[in-house]
Participant: 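My questions all concern the structure below.
Chain naming here is simple, since letters A, B, ... match the order of the sequence lines and numbering starts at 1 in each. Since the model is a prediction, treat every value here as computed from it, not as a measurement. Computed over heavy atoms, backbone and side chain alike; hydrogens, waters and symmetry mates excluded.
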Protein chains: 2
Amino acid sequence: MGRAKQFDPKVAVERAMQVFWRKGYGGTTPQDLVDALGIGKGSLYNAFGSKHRLFEAALECYRDKETATLVAMLEEPGPVKERLRRALTRLAETDLADPDHRGCLAVNTAAEFGRSDESAVRLVRRMFDRTEDAFRAAIEEGQRAGEIRPDRDPRAIGSLLLNTVVGLRVLARVADGPERLSLVIDGVIDTL
Amino acid sequence: MGRAKQFDPKVAVERAMQVFWRKGYGGTTPQDLVDALGIGKGSLYNAFGSKHRLFEAALECYRDKETATLVAMLEEPGPVKERLRRALTRLAETDLADPDHRGCLAVNTAAEFGRSDESAVRLVRRMFDRTEDAFRAAIEEGQRAGEIRPDRDPRAIGSLLLNTVVGLRVLARVADGPERLSLVIDGVIDTL
DNA sequence: CATATTTTGTACCTGAAGTTCAAGAAAAGG
DNA sequence: CCTTTTCTTGAACTTCAGGTACAAAATATG
């Protein structure tokens, strides 16, 4: 019973995610959210409680979509090394093509909050863990297929690739061209 | 003629740098700065014009100190690879030992502003360029000394090391231990 | 010492952030 | 169909960010 919501919370969170991604948490105002979600301030606070809680939901949404995309890219056909290269390249290209150069919401959040925000840090860590796991799985597959030397620690390479992606997405935020990013990607992939 | 300043602007900028480093640009209020610098608001705005101008000065100060530290570390005696490993390790250790886990001010600034702030982006780019240059110089030295294979592009390795550092300093902001960072450092250095 | 010039702290202003609330509208139950 | 419950809307409220204006104080220069 009671009046039904006039908007879809899923859609609202996704729109909020776009705003937080573009402007950061601190840079986003309730008014920005009201404008982007197309609902009144009251509804916003009734539905999500606070700017921060909405942010958590948005970050969770981002994390799920982003990791799903990465996993999908890593599951494409072809040699593992080529898949990895393609995944990184596509990531860099996407970031550079974005007119706002938003980079990665999780990385930006890590930089914005550090550990001063418990819930944010938890969400970011989880996203990083999942990303590393996805890379590790790909590496193990490559080792089983004989494409990657079996004497290297998959977890270590996973960490290294995670770190590479994090770096790339920061550099992409201020990059004026693709050169440096390409050098990085080639440099990393060629050592595998 | 006229009264002399009661405080040392250099010291003031350095203190401001500490505040911006800890709280970010958006998270720093004029009151924070007044408290940290120990001068009145009037003096602050008289001396620096605006929060943003003071931030630029602080970022410049940070950049100069930080790159000087890096260059000094890379100029220590010993094999180049060991110098690089030590430099990265010390960086990670410093970040983890910092109770606030502030990471790198330039990286945080890149993440906070992206390209929405022209002057900030310029300062960050310059810091990144200098860092890459420092690494490139070290690599070239290593190649001359026969420690590093001469068929690799020093600029590319410089980019790769820069990217590694940027990634490390983001991961350090949310890391709960040194394990992942160590894996990354060893993974990168061992491929040189 | 006189004066011009600068510094300094305080008081003040404007706008917005972040949230709450009262009043009304729509859906379900008796 | 009336009550109950939940949602909606927009205004109201509180606090503070960010910066300006000012008058008093201090000091280099002639």
Participant: Listed by chain and number, what are the side-chain hydrogen bond (donor to acceptor under 3.5 Å, both in side chains) partners of A/E60, not counting sequence neighbours?
Facilitator: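 With sequence neighbours excluded, A/E60 shows a side-chain hydrogen bond (donor to acceptor under 3.5 Å, both in side chains) to no residue whatsoever.
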Participant: Without decimals, in angstroms, what is the distance between B/L44 CG and C/dT10 P?
Facilitator: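 After rounding, the reported distance stands at 14 Å.
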Participant: Just say parallel, tilted or perpendicular for the rings of A/F55 and A/F20, cut-offs at 30° and 60°.
Facilitator: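 Plane angle over 60°, so perpendicular.
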Participant: Could you work out, with salt bridge (Lys or Arg N to Asp or Glu O under 4.0 Å) as the rule, every residue matching B/R130, not counting sequence neighbours?
Facilitator: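 Applying salt bridge (Lys or Arg N to Asp or Glu O under 4.0 Å) to B/R130 gives B/D64.
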Participant: Quick check on contacts: within residues 7-24 of chain B, what sits under 4.0 Å from DNA chain C by heavy-atom distance?
Facilitator: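 Output list: B/F7.
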Participant: Hey, can you pull the donor-acceptor pairs under 3.5 Å for the side chains in residues 38-46 of chain A, sequence neighbours left out?
Facilitator:
none

Participant: Mapping B/S43 and A/D32 to their closest nucleotides on DNA chain C, which lands nearer the 5' end?
Facilitator: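 So the residue in question is B/S43.
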Participant: According to side-chain contact (heavy atoms from CB on, under 4.5 Å), who are the partners of B/S119, at least two apart in sequence or on a separate chain?
Facilitator: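 B/S119 satisfies side-chain contact (heavy atoms from CB on, under 4.5 Å) with B/H52, B/E56, B/D117, B/R122 only.
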Participant: How many Å lie between CZ on B/F48 and C1' on C/dT8, as a whole number?
Facilitator: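 It is 14 Å, rounded to the nearest whole Å.
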Participant: According to salt bridge (Lys or Arg N to Asp or Glu O under 4.0 Å), who are the partners of A/D98, at least two apart in sequence or on a separate chain?
Facilitator: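 Expected list: A/R102.
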Participant: If a protein heavy atom is under 4.0 Å from the base, mark B; if only from the sugar-phosphate, S; if neither, -; do that for nucleotides 12-21 of chain D going 5' to 3'.
Facilitator: -----SBBB-
Participant: Nearest whole Å is fine: how far is D/dA26 C1' from B/N46 CG?
Facilitator: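 After rounding, the gap between these two atoms is 14 Å.
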Participant: Among all residues two or more places apart in sequence or in another chain, which pass the side-chain hydrogen bond (donor to acceptor under 3.5 Å, both in side chains) test with B/E112?
Facilitator: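 side-chain hydrogen bond (donor to acceptor under 3.5 Å, both in side chains) check on B/E112 returns nothing, list empty.
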Participant: Please enumerate all residues that pass side-chain hydrogen bond (donor to acceptor under 3.5 Å, both in side chains) together with B/R90, with sequence neighbours excluded.
Facilitator: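 With sequence neighbours excluded, B/R90 shows a side-chain hydrogen bond (donor to acceptor under 3.5 Å, both in side chains) to B/E76, given in chain and number order.
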